[in-house]
> 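Submitted below is the structure of interest, expressed as structure tokens.
Quick caveat, the model's predicted, so the values are computed rather than measured.
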Amino acid sequence: MSAQRSIIIGGGAFAGLALAQALRQGLGGDIPIIVADPALASRPSRDPRATAIVAACRRLFEALEVWDQVAAQAQPILDMVVTDSRLRDATRPVFLTFAGDVEPGEPFAHMVENRHLIDALVKRAEAEGVDLLLVAADGARSKLRERAGIATHGWEYDQSGIVVTVGHERDHQGRAEEHFLPAGPFAILPLKGNRSSLVWTESRKEASRIVALSDDEFHGELEQRFGLHLGEIKALDKPRAFPLGYFVARSFIGERLALVGDAAHVIHPIAGQGLNMGLKDVAALAEVIVDAARLGMDLGQADVLDRYQRWRRFDTMAMGLATNSLNLLFSNESTLLRAVRDIGLGLVDRAPPLKSIFIRQAAGLAGEVPRLLKGEAL
Ligand SMILES: Cc1cc2nc3c(=O)[nH]c(=O)nc-3n(C[C@H](O)[C@H](O)[C@H](O)COP(=O)(O)OP(=O)(O)OC[C@H]3O[C@@H](n4cnc5c(N)ncnc54)[C@H](O)[C@@H]3O)c2cc1C
């Protein structure tokens, strides 16, 4: 009976590979799990980005036995400062600071370079005997969703996120910085060593101009925003611009199909939550499928998939709304809005209980948390 069932995952990046590993652990070896992705032919990964992995998702990677392989390259975020100013302002007043751990000794997030994480997930999947198919029938990611006739709701922002790794003279001490500038957030996220990963938001036109500048001209633009608080700085790789958008699939499920990760939703990186939301999908879907398998149910039947959709869609809509509002509130030059947001940030900064609610929310530990995100095996 079980030999006739198989689970096919289209897309073998973070969400697809983490789901394959979670299902392999929870279901054992009986049900074939196949991950199909043309990109698996070009490993090791060359993704230049880095991701803030929040505490709950680090617990998931620990439960999936992947964290050990990336821990040495993961930089804990030990504190965070938030500023709000115009580009040419001489000083950037700090309006909000976060420090500390979600649990004793457990930082609320770690910065991990995407290529390390993907390569660790691929190795783990290979070791667990998950079938990795090098060629998929489809080219574009959206094709699977399109084929299932699932529409999306959302829009493109007139913004791109410029991503570049910066080397600096002084130690960042594990501090993450988010500077709200008129074009949008400029985030400095600590990596291992004297390096930081930048997510620098500009209008799409300005971002295209900036990434096409000569090295010297680029350095001038970078220094104006980054400042010299960490000593001399230097771009360590070629800057790349990622167009930013927002969408949520109108349904997370179809006929014997479930959408996870960016196939189900894309949000603004202003709060560094895109992949973390995708990993929450992974943990919820794996739990729903493994529970159904233990009850001897058909894994693709509507009420099994429905449980997944009920669990994840509302949470996703709420996060989408929050990131859209943050972006609207912060990515502009209005003096009135600046005054309003700075009062708001100041109030949060002076209210430790409110801060700890925010930290637990951002760390993925609020609400109905799937077992894997608590670090428990399925
Ligand atoms: C500038 C920037 C900064 C970010 N920073 C953060 C952060 O700090 N924290 C955070 O949580 N998130 C962040 N994100 C979001 C995060 O990068 C994404 O949410 C994450 O990459 C999504 O992972 P995924 O596995 O769902 O999809 P993807 O990484 O897009 O992978 C999809 C995979 O599917 C494959 N594929 C496509 N079409 C098909 C097909 N038809 N058949 C088979 N395979 C196919 C592709 O080859 C690819 O390997 C950021 C995003 C941007 C743009």
> Let me confirm one number: the CD1-CG distance from Ile9 to Leu285, rounded to the nearest 0.5 Å.
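The distance works out to 8.5 Å.
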> Under a 4.5 Å cut-off applied to non-hydrogen side-chain atoms, are Trp155 and Asn324 in contact?
yes
> Considering non-hydrogen atoms only, spot the tightest contact between His229 and Arg170 and give its length.
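So the minimum-distance heavy-atom pair works out to O-NH2, 3.2 Å.
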> Run the side-chain contact (heavy atoms from CB on, under 4.5 Å) test against Glu255 and tell me which residues pass, sequence neighbours left out.
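Per chain and number, Glu255 pairs via side-chain contact (heavy atoms from CB on, under 4.5 Å) with no residue.
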> Mind checking what makes ring pair (Phe, Tyr, Trp, His ring centres under 6.0 Å) contact with Tyr308, not counting sequence neighbours?
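Checked Tyr308 against ring pair (Phe, Tyr, Trp, His ring centres under 6.0 Å); zero matches.
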> Verify, without hydrogens or angle tests, whether Asp315 (side chain) and Trp311 (backbone) share a donor-acceptor contact under 3.5 angstrom.
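Looks like no, no N/O pair under 3.5 Å.
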> Between Gln273 and Thr323, is the side-chain contact (heavy atoms from CB on, under 4.5 Å) condition met? List the steps.
CA-CA 9 Å; Gln273 290 289 336; Thr323 50; 5.5 Å; no
> From Gln173 CD over to Ile77 CD1, what is the distance, rounded to the nearest 0.5 angstrom?
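Between Gln173 CD and Ile77 CD1, I get 14.5 Å after rounding to 0.5 Å.
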> Kindly indicate whether the side chain of Glu202, heavy atoms from C-beta on, has any atom under 4.5 Å from the side chain of Gln159.
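Not touching, per the 4.5 Å side-chain cut-off.
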> Test: ring-ring contact (aromatic ring centres under 6.0 Å, His included). Region: residues 55-85. Which pairs qualify, not counting sequence neighbours?
Trp67-His110
> Spell out, yes or no, whether Val282 and Ile31 are grouped together once hydrophobic residues are joined by side-chain heavy atoms under 4.5 Å, including indirect joins.
yes
> With sequence neighbours excluded, tell me which residues meet side-chain contact (heavy atoms from CB on, under 4.5 Å) with Asp84.
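By the side-chain contact (heavy atoms from CB on, under 4.5 Å) rule, Asp84 matches Phe95, Phe180, Phe330, Arg338, Arg341, Asp342.
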> Would you say Ile33 and Met297 are hydrophobically clustered, going by side-chain heavy atoms of ILVMFWY under 4.5 Å?
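Yes, because Ile33 and Met297 connect within a single hydrophobic cluster, where side-chain heavy atoms sit under 4.5 Å apart.
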> Would you name the heavy atoms of Leu23 and Val290 that are closest together and state the gap between them?
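Nearest pair, atom of Leu23 first, then Val290: CD2-CG2, 4.4 Å.
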> I'd like to know if the side chain of Arg24 reaches the main chain of Gly28, judged simply by a donor and an acceptor atom lying under 3.5 Å from each other, with no hydrogens or angles considered.
yes
> Suppose the criterion is side chain to side chain donor-acceptor pair (under 3.5 Å): which pairs have a residue in residues 293-304, not counting sequence neighbours?
Arg256-Asp298, Gln301-Asp303
> Could you see if Leu198 belongs to whatever hydrophobic cluster contains Val163? Use Ile, Leu, Val, Met, Phe, Trp, Tyr and a side-chain cutoff under 4.5 Å.
no
> Applying side-chain contact (heavy atoms from CB on, under 4.5 Å), name anything that partners Leu328, two or more places apart in sequence or on another chain.
none
> Can a salt bridge be assigned to the pair Arg310 and Asp306 using a cut-off of 4.0 Å between side-chain N and carboxylate O?
yes
> For Gly300 and Leu305, which heavy atoms make the closest approach, and how far apart are they?
O-CD1, 3.6 Å
> Quick one: CD on Glu177 to CG on Asp79, what's the gap to the nearest 0.5 Å?
9.0 Å
> Treating Ile, Leu, Val, Met, Phe, Trp and Tyr as nodes and any side-chain heavy-atom pair under 4.5 angstrom as an edge, say whether Leu321 and Leu329 lie in one connected cluster.
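No; tracing contacts between hydrophobic side chains, which count when under 4.5 Å, never links both residues.
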> Output the distance between atom NE2 (His116) and atom OG1 (Thr51), rounded to the nearest 0.5 Å.
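So the NE2 of His116 and the OG1 of Thr51 are separated by 12.0 Å.
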> Begin with the C-alpha distance, continue with both residues' side-chain angles, and end with the deciding distance and a verdict on side-chain contact (heavy atoms from CB on, under 4.5 Å) for Val35 and Ile8.
CA-CA 6 Å; Val35 179; Ile8 302 179; over 6 Å; no
> Taking side chain to side chain contact (heavy atoms under 4.5 Å, CB included) as the criterion, tell me which of Ile118, Ile53, Leu117 meets it with Val70.
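Exactly one candidate clears the test, Leu117.
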> When rounded to the nearest 0.5 angstrom, what distance separates CG in Leu279 from CZ in Arg59?
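It is 14.5 Å, given to the nearest 0.5 Å.
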> Taking Glu113 for the side chain and Ala50 for the main chain, is one N or O donor matched with an acceptor at less than 3.5 Å?
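Checking the backbone N and O of Ala50 against the side chain of Glu113, no donor-acceptor pair under 3.5 Å is found.
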> Using the test side-chain hydrogen bond (donor to acceptor under 3.5 Å, both in side chains), find all partners of Asn194 that sit at least two apart in sequence or belong to another chain.
none
> Which residues pass the salt bridge (charged side-chain N to carboxylate O under 4.0 Å, His left out) test with Asp158, sequence neighbours left out?
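Per chain and number, Asp158 pairs via salt bridge (charged side-chain N to carboxylate O under 4.0 Å, His left out) with no residue.
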> Kindly give the heavy-atom pair with the smallest separation between Ala55 and Val102, and that separation in Å.
CB-CG2, 3.6 Å
> Indicate the atoms forming the closest heavy-atom contact of Gly12 with Leu17, along with that distance.
O-CD1, 3.1 Å
> Decide, yes or no, whether a salt bridge links Asp47 with Arg115 under the criterion of side-chain N to carboxylate O below 4.0 Å.
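No, this pair does not count.
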> Could you tell me if the side chain of Leu230 sits less than 4.5 Å from the side chain of Val166, heavy atoms only?
no
> Short question: side chain of Asp37, backbone of Gly11 - any donor-acceptor pair under 3.5 Å?
no
> What do the steps show when you test Met277 against Thr316 for side-chain contact (heavy atoms from CB on, under 4.5 Å), and what is the final call?
CA-CA 7 Å; Met277 302 245 305; Thr316 304; 3.6 Å; yes
> Is it true that the side chains of Glu206 and Ser203 contain a donor and an acceptor less than 3.5 Å apart?
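Looking only at side-chain atoms, Ser203 and Glu206 do not form any donor-acceptor pair under 3.5 Å.
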> Specify whether Phe186 and His179 have parallel, tilted or perpendicular ring planes, treating 30° as the upper limit for parallel and 60° as the lower limit for perpendicular.
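Correct class here is tilted.
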> On a heavy-atom basis, which atom in His219 and which in Ile233 lie closest, and how many Å separate them?
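Smallest heavy-atom distance, with atoms named: CE1-O, 3.0 Å.
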> Compare all side-chain heavy atoms of Glu217 with those of Glu221 and state whether any distance is below 4.5 angstrom.
no
> In terms of side-chain geometry, is the basic nitrogen of Glu106 or Arg58 positioned less than 4.0 Å from the acidic oxygen of its partner?
yes
> Please list, one pair per line, the donor and acceptor atoms closer than 3.5 Å that link side chains of residues 235-248 to other protein atoms, with sequence neighbours excluded.
unit_1: Asp237; atom_1: OD1; unit_2: Thr165; atom_2: N; d: 2.9
unit_1: Asp237; atom_1: OD2; unit_2: Thr165; atom_2: OG1; d: 2.8

> Tell me, please, which residues at least two apart from Glu156 pass side-chain hydrogen bond (donor to acceptor under 3.5 Å, both in side chains).
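side-chain hydrogen bond (donor to acceptor under 3.5 Å, both in side chains) check on Glu156 returns Arg204.
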> Please check this pair: side chain of His172 against backbone of Leu191, looking for a donor-acceptor N/O pair closer than 3.5 Å.
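Indeed, once roles are kept as given, a pair shorter than 3.5 Å links the two residues.
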> Taking it one step at a time, do Ile162 and Ile210 satisfy side-chain contact (heavy atoms from CB on, under 4.5 Å)?
CA-CA 9 Å; Ile162 301 172; Ile210 288 175; 3.9 Å; yes
> Should Glu128 and Lys123 count as an ion pair when the cut-off is N to O under 4.0 Å?
no
> Report the residues that fulfil side-chain hydrogen bond (donor to acceptor under 3.5 Å, both in side chains) with Asp281, sequence neighbours left out, ordered by chain and then residue number.
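Once residues adjacent in sequence are excluded, the partners of Asp281 under the side-chain hydrogen bond (donor to acceptor under 3.5 Å, both in side chains) criterion are His265, Arg312.
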> Mind checking whether Val199 and Leu326 sit in one hydrophobic cluster, side chains of I, L, V, M, F, W, Y counted as touching below 4.5 Å?
yes
> Identify each donor-acceptor pair in which a side-chain atom of residues 362-378 lies under 3.5 Å from a protein atom, sequence neighbours left out, and give them as a table.
unit_1: Arg371; atom_1: NH1; unit_2: Glu287; atom_2: OE2; d: 3.3
unit_1: Arg371; atom_1: NH2; unit_2: Asp291; atom_2: OD1; d: 3.3

> Between Gln21 and Leu64, is there a donor-acceptor pair closer than 3.5 Å when you use the side chain of the first and the backbone of the second?
yes
> Would the distance check show the side chain of Asp119 and the main-chain N or O of Ser45 forming a donor-acceptor pair, the cut-off being under 3.5 Å?
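Pair found, side chain donor or acceptor close to backbone of Ser45.
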> Is Arg145 reaching over with its side chain to a backbone N or O of Ala263, donor-acceptor style, under 3.5 angstrom?
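Flag set: sc Arg145 to bb Ala263 pair under 3.5 Å.
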> Enter the distance from Leu275:CG to Asp262:CG here, rounded to the nearest 0.5 Å.
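Nearest 0.5 Å value for the CG-CG distance: 7.5 Å.
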